[in-house]
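As the structure lists them, so they are numbered: ligands from 1, and atoms in each ligand from 1.
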Amino acid sequence: MQSFTHITVEGGGPLEGTVPVGGAKNSVLKLMAATLLAEGRYVLSNVPRITDVDLMSELLRATGCTVARDGLLLTIDVPSEIEPVAPYEIVEQFRASIVVMGPMLARCGEARVALPGGDDFGPRPIDMHVRGLQELGVEFETAHGYIHARTGNLQGARVLLEFPSVGATENLLMAAVRAKGITVIDNAAREPEIADLCELLNKMGARIVGAGSSTLTIDGVDSTDALHAATHTVIPDRIEAATYLCAVGISGGEITVAGARHEHMTMLCQKLGEMGMRISHDREGIWALANRRMMSTDCQSLPYPGIATDFKPFLVTMLASSDGVGIVTENLFSGRFRYVDELRRMGADIRTDSHHAIIRGVGKLSGAPVRAHDIRAGAALVIAGLAAEGETVVSDAEHIARGYDDIAGKLNGIGGKVSYR
Ligand code: EPU
């Protein structure tokens with residue numbers, strides 16, 4: 001377990017070397033939830049040592065599972081009966097916990113899940129999860145801060161999502177795996193983490209086709225015995241990989257992000273190319289060179305394969321010290337510009353107007369005490385500090401530990417000067 005509240009960064013020179021990318025947070029959390037679908041021993045490998053995995057482990061334990069970690073291996077023993085409850089004390093700490101609802105309904109016909117908390121960026125409703133599950137025959141009641149979902153029999157149905165929500169797609173997928181008949185999810189999210197989840201579910205005996213596309217077809221298996229435990233390796237974290245690529249864009253230098261998969265982040269690499277970086281890739285990972293000042297560009301966050309909302313704080317940070325003016329538009333989360341105030345404290349010239357940020361590049365950022373409001377915003381401030389004049393101290397840095405396995409160690413491995421406190 002990583003335990004720190006502050007990260008200190010000394011501004012310095014270019015970055016150089018190879019940095020390894022860990023397993024994807026947004027995949028492993030859902031893979032862990034999927035284990036609730038069937039009894040047995042699951043072994044997940046390439047599991048990052050991050051707080052959110054610890055929290056999901058606690059949540060699985062609360063249902064009756066045994067969870068043990070050995071390095072990057074996580075072994076989950078799921079008993080023949082589970083308690084379909086996700087308690088408030090755990091759920092309030094991370095929003096991803098909502099995805100236990102689908103598998104609990106599939107396994108037990110009910111789920112009691114505390115209303116989710118998580119990152120501090122605007123209201124994040126779950127209406128699409130609820131509407132989709134209602135189509136499969138689930139009834140909902142909300143009382144005392146808990147959602148109580150119940151179903152006599154999950155029935156396959158055609159569900160058209162209003163927006164390709166990642167979490168709603170995952171909850172529906174995991175419920176539909178045990179529904180009677182065929183479920184079709186239209187306008188499904190296409191993120192690589194969803195395809196990873198489909199792969200594990202199919203290994204467990206599910207019958208899902210269309211993984212990675214916007215139409216998922218699930219032929220439900222309606223007996224408990226039809227599903228079984230499996231082993232699986234978590235895909236690399238494209239958001240962590242993006243953090244290091246943008247770090248080199250800000251600081252200059254030449255790095256290889258070992259294990260990163262270019263096909264999961266093509267649009268971002270294209271954008272970094274437009275800004276002046278050279279990027280190439282092979283089976284080992286992604287290579288990046290930044291040997292000049294970056295040029296500004298405009299970009300907007302969109303569902304996959306667009307530029308992920310999670311990449312945006314890194315791009316805004318890069319633009320803060322690029323040549324020219326860039327406009328960045330946030331299309332997914334309303335409150336996701338809070339880190340801009342922190343970047344301004346470091347000398348950035350950024351104006352926000354509703355869901356747009358207008359960034360005028362300045363010569364060099366200046367190290368300052370700043371606060372991490374969420375995982376990605378926190379990581380963006382750390383990489384801002386790498387190229388700033390003097391020292392940057394990021395407080396509330398425990399947010400960063402939710403999604404990064406030793407960010408300081410990894411950045412130091414490529415020439416950064418980063419420490420925990
Ligand atoms: N939305 C609704 N109703 C719903 C569901 C979503 O209005 O029922 C809205 C949300 O409020 C948001 C948008 O739809 O405005 C997108 O939400 P989505 O459901 O796609 O996101 P999520 O499942 O809550 C995951 C990641 C986020 C990532 C988003 C978008 C996990 C644990 N979280 O969230 O990652 O930003 O998809 O790609 O997978 C992070 O890693 O730091 C992180 C926040």
Side-chain angles (χ1 to χ4, degrees), residues 22-34 48 50-53 55-56 59 91 93-102 113 115-135 140 147 159-174 185 187-197 214 234-235 237-243 264-265 267-268 300-314 330-336 338-339 355 372-380 399-405 407:
K25 168 180 86 75
N26 291 347
S27 193
V28 69
L29 298 175
K30 325 308 169 61
L31 301 173
M32 291 173 75
I50 55 176
T51 318
D52 275 13
V53 167
L55 289 168
M56 186 55 103
L59 180 40
V91 174
Q93 299 183 61
F94 81 129
R95 183 186 155 86
S97 45
I98 190 73
V99 295
V100 297
M101 188 182 279
V113 179
L115 284 160
D119 294 297
D120 184 15
F121 39 87
R124 297 173 69 183
I126 54 161
D127 53 311
M128 282 186 264
H129 302 236
V130 169
R131 269 203 303 277
L133 289 167
Q134 279 171 334
E135 306 264 3
F140 288 89
I147 307 168
V159 180
L160 172 61
L161 291 176
E162 197 178 307
F163 175 90
S165 153
V166 171
T169 302
E170 292 162 340
N171 250 333
L172 284 167
L173 253 176
M174 290 190 272
I185 309 173
N187 199 23
R190 298 161 58 189
E191 271 71 1
E193 294 76 22
I194 305 257
D196 203 28
L197 175 61
S214 52
V234 183
I235 57 167
D237 196 314
R238 64 198 164 97
I239 309 169
E240 187 195 3
T243 315
H264 290 171
M265 45 202 306
M267 206 79 91
L268 175 77
Q300 57 175 322
S301 60
L302 285 170
Y304 191 83
I307 302 259
T309 173
D310 303 283
F311 296 156
K312 212 198 48 203
F314 317 139
E330 170 59 49
N331 289 315
L332 274 80
F333 294 111
S334 54
R336 219 175 180 184
R338 287 187 65 187
Y339 59 93
H355 59 303
H373 292 289
D374 66 64
I375 306 173
R376 310 303 168 192
H399 282 297
I400 301 174
R402 286 187 45 200
Y404 288 83
D405 185 346
I407 192 169

Go through ligand 1 atom by atom and flag the ones less than 4.0 Å from a non-hydrogen atom of [X].
X: Thr309; value: 30 (C), 36 (O)
X: Gly167; value: 19 (O), 23 (O)
X: Ala96; value: 32 (C)
X: Phe163; value: 13 (C), 14 (O), 16 (C)
X: Arg95; value: 24 (O)

Consider every N or O of [X] and every N or O of ligand 1, then say whether any pair is closer than 3.5 Å.
X: Ile239; value: no
X: Leu29; value: no
X: Met128; value: yes
X: Leu332; value: yes

- With no hydrogens and no angle check, is any side-chain donor or acceptor of Asp405 less than 3.5 Å from a backbone partner on Ile50? no
- Output yes when a side-chain donor or acceptor of Ser27 lies under 3.5 Å from a complementary backbone atom of Val234, and no otherwise. no
Side chain, backbone, both or neither: [X] near ligand 1, heavy atoms under 4.0 Å:
X: Tyr304; result: neither
X: Lys25; result: side chain
X: Asp310; result: side chain

- Query: Should Ile194 and Leu173 count as side-chain neighbours, where that means a heavy-atom distance under 4.5 Å?
  - Reply: yes
- Message: I want to check something: taking the side chain as every heavy atom from C-beta on, are Arg190 and Pro164 in contact at a cut-off of under 4.5 Å?
- Response: no
- Query: Can a non-hydrogen atom of Ala189 be found less than 4.0 Å from any atom of ligand 1?
  - Reply: no
- Determine whether any heavy atom of Lys30 lies closer than 4.0 Å to an atom of ligand 1. yes
- Item | Non-hydrogen atoms of Val159 and Gly132 that approach each other most closely | CG1-CA, 3.8 Å
- Query: What's the shortest heavy-atom distance between Ala188 and Leu161, and which atoms?
  - Reply: CA-CD1, 4.2 Å
- May I ask which of Gly132, Ser165, Pro125 has a heavy atom nearer to atom 11 (O) of ligand 1 than the others do? Pro125
- Residues two or more places apart in sequence or in another chain: which of them pass side-chain hydrogen bond (donor to acceptor under 3.5 Å, both in side chains) with Asn26? none
- Task: For the residue pair Asp374 and His399, confirm or rule out a side-chain donor-acceptor distance under 3.5 Å.
- Result: no
- Non-neighbouring partners of Glu193 that pass salt bridge (charged side-chain N to carboxylate O under 4.0 Å, His left out), sequence neighbours left out: Arg238
- Might you work through the side chain to side chain contact (heavy atoms under 4.5 Å, CB included) test for Met101 and His129, ending with a clear yes or no? CA-CA 9 Å; Met101 188 182 279; His129 302 236; 5.7 Å; no
